[in-house]
Protein chains: 2
Amino acid sequence: MKAQTEAAGAASPRSRKKREAILDAGVRVFMAEGYAASMDRVAAEARVAKQTLYSHFGSKEGLFHALFERYKQQSLAGLDPAGDLAAELATFGEHMLRRIFDPEILGVQRLMIAQAGAFPDLARIVYEAGPGRVRAGLVEFLRAKIEAGALGRADPVEAADDLMALLQGSRRQRILFGVEAAPDPARLRGIAERAVTIFLRAYTMR
Amino acid sequence: MKAQTEAAGAASPRSRKKREAILDAGVRVFMAEGYAASMDRVAAEARVAKQTLYSHFGSKEGLFHALFERYKQQSLAGLDPAGDLAAELATFGEHMLRRIFDPEILGVQRLMIAQAGAFPDLARIVYEAGPGRVRAGLVEFLRAKIEAGALGRADPVEAADDLMALLQGSRRQRILFGVEAAPDPARLRGIAERAVTIFLRAYTMR
DNA sequence: GTCTATATAAAGATAGAC
DNA sequence: GTCTATCTTTATATAGAC
């Protein structure tokens with residue numbers, strides 16, 4: 001009874017393409033202008049009639065939710081135990097910084113910080129899928145290293161927080177405020193290595 | 001020629017009170033609802049006619065600017081060289097955390113992060129008056145300590161960034177996302193002491 | 001300067017044809 | 001499902017009386 005109506009239109013290739021176009025446009029427009037951006041802008045950016053947009057998502061809020069649901073599925077590069085600890089952590093740090101300073105990620109986070117009050121469930125989704133997952137992975141990695149004796153006895157959660165904090169430094173805050181631009185990707189390795197050096201100086205057994 | 005017109009109305013005690021009421025209401029409303037909050041809301045919160053609001057500030061943008069101009073004048077508790085280095089830094093850290101996790105400051109920063117694109121000049125003002133000034137003070141303090149030999153040879157700017165990062169940890173991010181509440185003020189001293197311990201482990205000469 | 005009442009523009013959402 | 005044209009509400013901003 002449901003399949004009949006949907007088979008005809010909802011799942012048509014054309015409809016799917018429109019839907020994707022709207023989602024892509026929504027990300028761009030909301031990132032750029034915040035949640036205050038108009039539905040007209042989104043429709044124009046997607047080259048679609050406004051009504052098409054409403055057919056798919058029902059309301060502005062519905063579209064907003066749909067946008068961030070996509071972030072749930074993102075996977076993340078893991079921490080593979082390769083060379084020595086410093087190199088492993090530097091590689092992890094470089095990856096993390098690449099994500100953190102990615103213009104799209106910055107836009108998403110700006111948006112969610114602004115709308116956390118209005119969409120608490122979405123903010124949690126974005127946090128868990130992003131920083132939360134990275135943090136959880138690092139905690140487990142460090143726990144193993146601590147148990148193996150490669151790091152001094154310490155709370156792995158605190159250690160993970162400290163490393164992530166050192167990696168970000170004060171740059172993230174300045175970038176969020178628009179006071180300075182994101183660093184060139186080529187510089188990220190160096191930034192990560194410096195942070196890891198400080199981290200290991202504090203956490204290595206002496 | 002200008003004094004005549006102003007003496008009659010613009011500087012009257014009543015007018016000044018209204019102006020202050022509007023500014024206070026503006027802070028509350030914009031913090032709570034973001035820049036999307038309506039002028040009607042602000043006028044209602046200030047117990048003032050909307051026209052009064054426009055008489056004083058001309059436009060929504062004008063009001064928004066006026067709100068943040070007030071933050072320029074804020075002064076900040078300095079770093080007084082009292083006991084030993086660890087205690088000094090812990091006290092500094094406690095003060096910094098108290099500010100960072102203050103609901104009003106959090107609201108201002110959320111707002112400015114959201115509107116940094118639309119009001120780049122304001123975002124800079126808020127940054128310089130807040131985090132920027134704290135950072136600058138800490139840099140000078142650490143520079144003196146390094147030159148005095150109390151800390152190992154290091155770049156004072158990097159050291160200041162590292163200490164501030166360790167103090168904030170990952171809490172600030174989670175709080176901005178609304179995933180967790182700000183810590184109880186009574187816990188701040190302990191949080192600061194832990195961060196300072198890690199910092200000194202990395203930066204003290206051995 | 002301050003108030004009540006109103007103009008004007010824009011945004012979210014929908015009706016009806018194809 | 002998608003489009004054009006339209007409704008309705010809300011928001012910024014202003015006119016005019018006191």
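The shown structure was predicted, so the numbers you read here are calculated from the model rather than taken from an experiment. Throughout, protein chains are lettered first and strands after them, A, B, ... in sequence-line order, and every chain is numbered starting at 1.
A donor-acceptor contact closer than 3.5 angstrom links the side chains of B:Arg174 and B:Ser170. Residues A:Arg172 and A:Gln109 bring a donor and an acceptor atom of their side chains to less than 3.5 Å of each other. Between the side chains of A:Thr52 and A:Arg19, not a single donor N or O lies within less than 3.5 Å of an accepting N or O.
Look at CZ on B:Phe57: it is 14 Å from P on D:dA13, rounded to the nearest Å. Separating the NZ atom of B:Lys60 from the P atom of D:dT10 is a distance of 15 Å, rounded to the nearest angstrom. Distance CG (B:Leu63) to C1' (D:dT12): 13 Å, rounded to an integer number of Å.
Using a 4.0 Å cutoff on non-hydrogen atoms, the parts of residues 28-55 of chain A near DNA chain C are A:Ala37, A:Ser38, A:Met39, A:Lys50, A:Gln51, A:Tyr54, ordered by number.
To the nearest 0.5 Å, atom CG of residue B:Leu97 and atom CZ of residue B:Arg187 are 10.5 Å apart.
The aromatic rings of A:Phe119 and A:Tyr35 sit perpendicular, their planes meeting at an angle over 60°, well past the 30° parallel limit.
Closest approach to the B:Arg14 side chain among D:dA13, C:dA13, C:dT2 is made by C:dT2 (side chain taken as heavy atoms from C-beta onward).
The minimum heavy-atom distance between A:Ala90 and A:Ala192, with the atom names listed, is O-CB, 3.6 Å.
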